[in-house]
K.L.:
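Supplied in structure tokens, the structure appears directly below.
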Amino acid sequence: MSEFEAVIGLEVHCQLATDTKIFCGCKARPEGGQSVADVGANANTCPVCTGHPGTLPVLNKKVLEYAVRAGLATGCQIRLKNVFARKNYFYPDLPKGYQISQYDLPICENGQLNLTLKDGTTKQVHIQRIHMEEDAGKNVHLSDFSLVNLNRACVPLIEIVSGPDMKTSEEAGAYLRALYAIVTSIDICDGNMQEGNFRCDANVSVMPKGSKTFGTRAEIKNVNSFRFVEKAIDYEIQRQIEVIKSGGKVVQETRLYDSQKNVTQSMRSKEEAHDYRYFPEPDLIPVKLEQAWVDKIKNSMPELPEQKKTRYASELGLSLYDAGVITGSKTMASFFEMAVQKLGAAAKPAANFLTGEVARLLNEENIDISQSKLRPEHIAEVVKLTQDGTISSTGAKQVIASAWKTGDPVSKIVDQEGLKQVSDVGALEPAINKVIAGFPQQVAEYRSGKEKLIGFFVGQVMKETGGKANPGMLQDLIKKKLSS
Amino acid sequence: MAQSNLEFKTIKKIHEAYNAKKVSPLELTQDFFKSIKASKHNAYLTVCEERALGQAKAATQTLSKSGKVPSDQFPLFGIPLGLKDVLTLDGVRTTCASKIIENYIPPYTATAVERLEKAGSITLGKLNMDEFAMGGSNENSAFGPVLHPTHEGYVPGGSSGGSATAVKAGLCVAALGTDTGGSVRLPASYCGVVGLKPTYGRVSRYGLVAFASSLDQIGPLTHDTEDAARILDVMSGHDPKDSTSAAMPKSQVLKAMTTAPDWSKVKIGVPKEYSVGGLSPDVEKSLQESLKWFEKKGAKLIPISLPHTKYAVAIYYIVAVSEASSNLARFDGVRFGVRPKDADQSPDLPTFYKRVRSNFGPEVKRRIILGTFALSSGYYDAYYRRACQVRRLVKQDFEKAFSQVDVIISPVSPSTAFKLGEKSKDPIKMYLNDIFTIPVNLAGLPAMSVPCGQDHKGLPIGLQFTTPAFQEEKLFSMAHAFEVRT
């Protein structure tokens, strides 16, 4: 890697959480926990979103509002006169043979996103543009034929295009997480990554370190998890470096990431690339936005993750990194606030559990906290019980893991798994006495000044109590006994 | 007796006959089906007999109860109409005269059609046309050409040839056509009926299978201007399903027509670019006679200039084919478009698409290829973008002209109907037939073809009235006055 550096730009497709689709009255969002894609093949469709001859699109105004919110949250300029364009290509999941999108006149341009990396350094990434478009349907491939489900066709999307500003998969991951935090916190995206609410194409190239000319880029299509994007980028950078080192040339192409094998594979070359033949969509008149309307949206914007992060750090004493993880999605932030503000948990330990154990579990299953069985009550209770010594910190992790699986109340888990620490002096005294009586030599050594032997005694009493003694309390009790 | 019922040709006459109990909606409808079946014109592609007779029976019952045509509520009560087969009717096959969707059954009805039926009309069936409305002679139908209603061996004009022939030949009272570059006005002119292209945005395009979205408009073909007025008043007005439909109420042209224009105040524009050669002597003569009539009435004839007319046909054949190449993409054999047997055996998607899309007719293929080329990267600026720029100049020509005149008068076509096969080998010659009608579509204006005479063979000649956008009231009052001049 040393003699090369990578250039990464990301295109994010974000499904907007409007009630209806972008150009017709069909539902655009899951109802009652069901996914729009799964309500029964093609059940969530109408003549417009299935592209019946003679039908026409009518723009859902909510889409404009959501796109403007995204633009304002990323510091973009908002274009007041919007033109839609047709992007023409043939594919079975595209019923009209073209996608209604925006081309040279996108609704938002020239914004930026500030990232805080793990090592505490910051980085600014340029947002080139955000435009509105419709989603396509979904092809389902069976053994010797394929089916098309158009439930998702015409669901509104915004495409957010970054500058080629990132150099590592970590920066790309941080950018995606920051963007995810924004779109979920301003209520324009449900953020369900498994459902494809938020998915990413990565443009990756490598060039000799310090070079001013970018190398030939490959585009990795449609990755829908933060971890997979990072892995795909790492793989792709390495692959391109090896191609160059072995005297080859990187070709411009579209590649797909195979998460099982952790490789990217060629999908189509530049020669096979589509000429999209964009032209202004004649079925939609240009949409003019009023500046006053944009200002109204501006004034109604909620607190952005960046602001929330700074506030958590200054008001609650969290580290910037922890605050960043917690403000990484709207649901995580409100989960935290519920536990801390409504249920009275201490902020720092609550944050520690969320950025540690909980974040690990979320990552493992690639889901959002709102989809898990864990509730703010669990965390508040765990914090409380750890602080008053009822459970140990190891026990706390065990409680969280169990609550994650079952959703059972903390008290029930503590009882069932016998995690309660013995903090009753009367119950501990016999065990202490037994240990003191059993190790006279160590007692003598301790009394003669070898105070670090306290750990030995604590360990022995722990053994005696089957590990249930409250270690903090135990130490005090043993010290008292030995010095008397 | 049966045939004579069809002598009640116009909506007004039919309503009078209904009121006088000379004929019932059911009898009239049955008579139309008899003449449709007896006809050799190939005007209908699909008849909806059962559906139409059901509508006619209901109308007959209503009439026997009320005793009088409820024309206030149902201005088209019991009026049998035909629809160009590019307009959708729920559950009825819509082919666009193309093999590629010969079995397509739409699940919804076009807004304009829905409004006509709500106003009491009876839909007899779907009318033949040039495939996907591409053509000027109706020779491009995959189901065979439509024949001229009165002159054997001649074309009826296109693309709404079935509509024009059906009206003239007594196969329906009136018909809907669509006009992208003259497709209502040209066949109306060739067949001797009235044909209206409303202002772009006046009538909803929802349910009109698009050829060129920025140019297409639905319009009636009728025996007289009064029928056209009644139909426009019913089907115009904003439609929330069509973003390009103007936020305006329904037109009130029937009412406006009752007052004759004050000719002394009317200024008539005669474009000098339209008379530079090319006009057949008969058409030229008929135009001059018509202009003399206006002059005699006291109107002022003012020579005007529409300097960008010479580019109009070229612009049209870039804009229209570009939009068409995209609009027709959905006929790919996946959801829409007939899938031939060998398509399912295709080794890959491109082969599949090739096998499906080879079923377009030759003119449609020609235009899809032209349009695909005009939009391609590297050519877009030189063709599509440039065409759109010059289109604005064409529009400005009209705006400038209309600052001086109320209406522009011209022929609809440089010549009258020609013989079947005469021009089909020469697409450019065919395209030039539309030289007077195309600029109107490019500018989005309303225009009407009104019969104004005949050539030496007795073939009809049409006169084109054009006014500023959304001034159909003015258009109709003048066209109507001209129509009843003798």
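So you know, we letter chains A, B, ... as the sequences are listed, proteins then strands, and number each from 1.
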K.L.:
Do other residues, nucleotides or ligands put more than 12 heavy atoms under 6.0 Å from the CD atom of Gln389(B)?
P.N.:
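Check passes, neighbour count above 12.
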K.L.:
For atom NZ of Lys395(B), is the number of surrounding heavy atoms from other residues, nucleotides or ligands below 6.0 Å larger than 12?
P.N.:
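Atom NZ in Lys395(B) is not packed in, count stays at 12 or less.
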K.L.:
Given a strict heavy-atom distance threshold of 4.5 Å, which part of Val58(A) is in contact with chain B: side chain, backbone, both, or neither?
P.N.:
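Its backbone and side chain both get close to chain B.
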K.L.:
Under the side chain to side chain contact (heavy atoms under 4.5 Å, CB included) criterion, do Arg277(A) and Ser325(B) qualify, and how do the steps go?
P.N.:
CA-CA 10 Å; Arg277(A) 293 173 281 122; Ser325(B) 72; 4.2 Å; yes
K.L.:
Taking atom CZ as the centre, does Phe143(B) end up with more than 12 heavy-atom neighbours from other residues, nucleotides or ligands that are less than 6.0 angstrom away?
P.N.:
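Yes, CZ of Phe143(B) has more than 12 neighbouring heavy atoms, counting only those of other groups under 6.0 Å.
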K.L.:
Which of residues 93-118 of chain B have a heavy atom under 4.5 Å from any heavy atom of chain A?
P.N.:
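Within residues 93-118 of chain B, near chain A: Tyr104(B), Pro107(B), Tyr108(B).
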K.L.:
So which part of Thr88(B) gets closer than 4.5 Å to some heavy atom of chain A, the side chain, the backbone, both or neither?
P.N.:
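When you check distances to chain A, only side chain atoms of Thr88(B) fall under 4.5 Å.
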K.L.:
Sort Pro92(A) into side chain, backbone, both or neither according to what part of it lies under 4.5 angstrom from a heavy atom of chain B.
P.N.:
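Both the backbone and the side chain of Pro92(A) come within 4.5 Å of chain B.
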K.L.:
Where does Pro350(B) contact chain A at under 4.5 Å (heavy atoms): side chain, backbone, both or neither?
P.N.:
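Contact with chain A is absent: no heavy atom of Pro350(B) under 4.5 Å.
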K.L.:
Any idea which heavy atoms bring Ile285(A) and Ser243(B) closest together, and the distance?
P.N.:
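Distance-wise, the nearest heavy atoms are CD1-O, 3.7 Å.
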K.L.:
Could you tell me the separation between the OG atom of Ser326(B) and the NZ atom of Lys96(A), rounded to the nearest 0.5 Å?
P.N.:
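One gets 9.5 Å once the value is rounded to the nearest 0.5 Å.
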K.L.:
Determine the minimum heavy-atom distance between Gly51(A) and Arg330(B), stating which atoms define it.
P.N.:
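Looking at all heavy atoms of both residues, the shortest contact is O-NH1, 2.9 Å.
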K.L.:
So which part of Tyr206(B) gets closer than 4.5 Å to some heavy atom of chain A, the side chain, the backbone, both or neither?
P.N.:
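Looking at Tyr206(B), backbone and side chain both touch chain A.
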K.L.:
Using the side chain to side chain contact (heavy atoms under 4.5 Å, CB included) rule, take Arg205(B) and Leu56(A) through it: C-alpha gap first, then chi angles, then the decisive distance, then the call.
P.N.:
CA-CA 8 Å; Arg205(B) 292 186 295 116; Leu56(A) 298 167; 4.0 Å; yes
K.L.:
Is the shortest heavy-atom distance from the side chain of Tyr91(A) to the side chain of Leu349(B) under 4.5 Å?
P.N.:
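The answer is yes, as the side chains (C-beta and beyond) meet within the 4.5 Å cut-off.
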K.L.:
Considering only heavy atoms, which portion of Asp242(B) lies under 4.5 Å from any heavy atom of chain A: side chain, backbone, both, or neither?
P.N.:
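The answer is both parts of Asp242(B).
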K.L.:
Taking side chain as everything from C-beta outward and backbone as N, CA, C, O, which of these in Leu208(B) sits under 4.5 Å from a heavy atom of chain A? Side chain, backbone, both or neither.
P.N.:
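Just the backbone, heavy atoms under 4.5 Å.
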K.L.:
Can you check side chain to side chain contact (heavy atoms under 4.5 Å, CB included) on Phe279(A) and Glu323(B), steps first, answer last?
P.N.:
CA-CA 9 Å; Phe279(A) 73 104; Glu323(B) 292 179 10; 3.8 Å; yes
K.L.:
Most heavy-atom pairs under 4.5 angstrom with chain A, which of Gly207(B), Ala210(B), Ser204(B), Cys388(B)?
P.N.:
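Ranked by heavy-atom pairs under 4.5 Å with chain A, first place is Gly207(B).
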K.L.:
Where along residues 80-90 of chain A does a heavy atom come under 4.5 Å of chain B, listed by residue number?
P.N.:
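The stretch touches chain B at Arg86(A), Asn88(A), Phe90(A).
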K.L.:
Does a side-chain heavy-atom distance below 4.5 Å link Phe145(A) with Asp344(B)?
P.N.:
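Heavy-atom side-chain distance check fails, nothing below 4.5 Å.
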K.L.:
Chain A contacts: which residues in residues 368-380 of chain B have a non-hydrogen atom closer than 4.5 Å to it?
P.N.:
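Within residues 368-380 of chain B, near chain A: Thr372(B), Leu375(B), Ser376(B), Ser377(B), Tyr380(B).
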K.L.:
Checking heavy atoms, do the side chain of Asp216(B), its backbone, both or neither come under 4.5 Å from chain A?
P.N.:
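For Asp216(B), no heavy atom lies under 4.5 Å from chain A.
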K.L.:
With sequence neighbours excluded, tell me which residues meet side-chain hydrogen bond (donor to acceptor under 3.5 Å, both in side chains) with Thr264(A).
P.N.:
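Listed in chain order: Glu236(A), Arg255(A).
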K.L.:
Contact part of Val209(B) toward chain A, heavy-atom cut-off under 4.5 Å: side chain, backbone, both or neither?
P.N.:
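Answer is both: backbone and side chain atoms of Val209(B) are under 4.5 Å from chain A.
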K.L.:
Quick one: pull up CG in Asn42(A) and CZ in Arg335(B) and give me the separation to the nearest 0.5 Å.
P.N.:
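Asn42(A) atom CG to Arg335(B) atom CZ measures 8.0 Å (nearest 0.5 Å).
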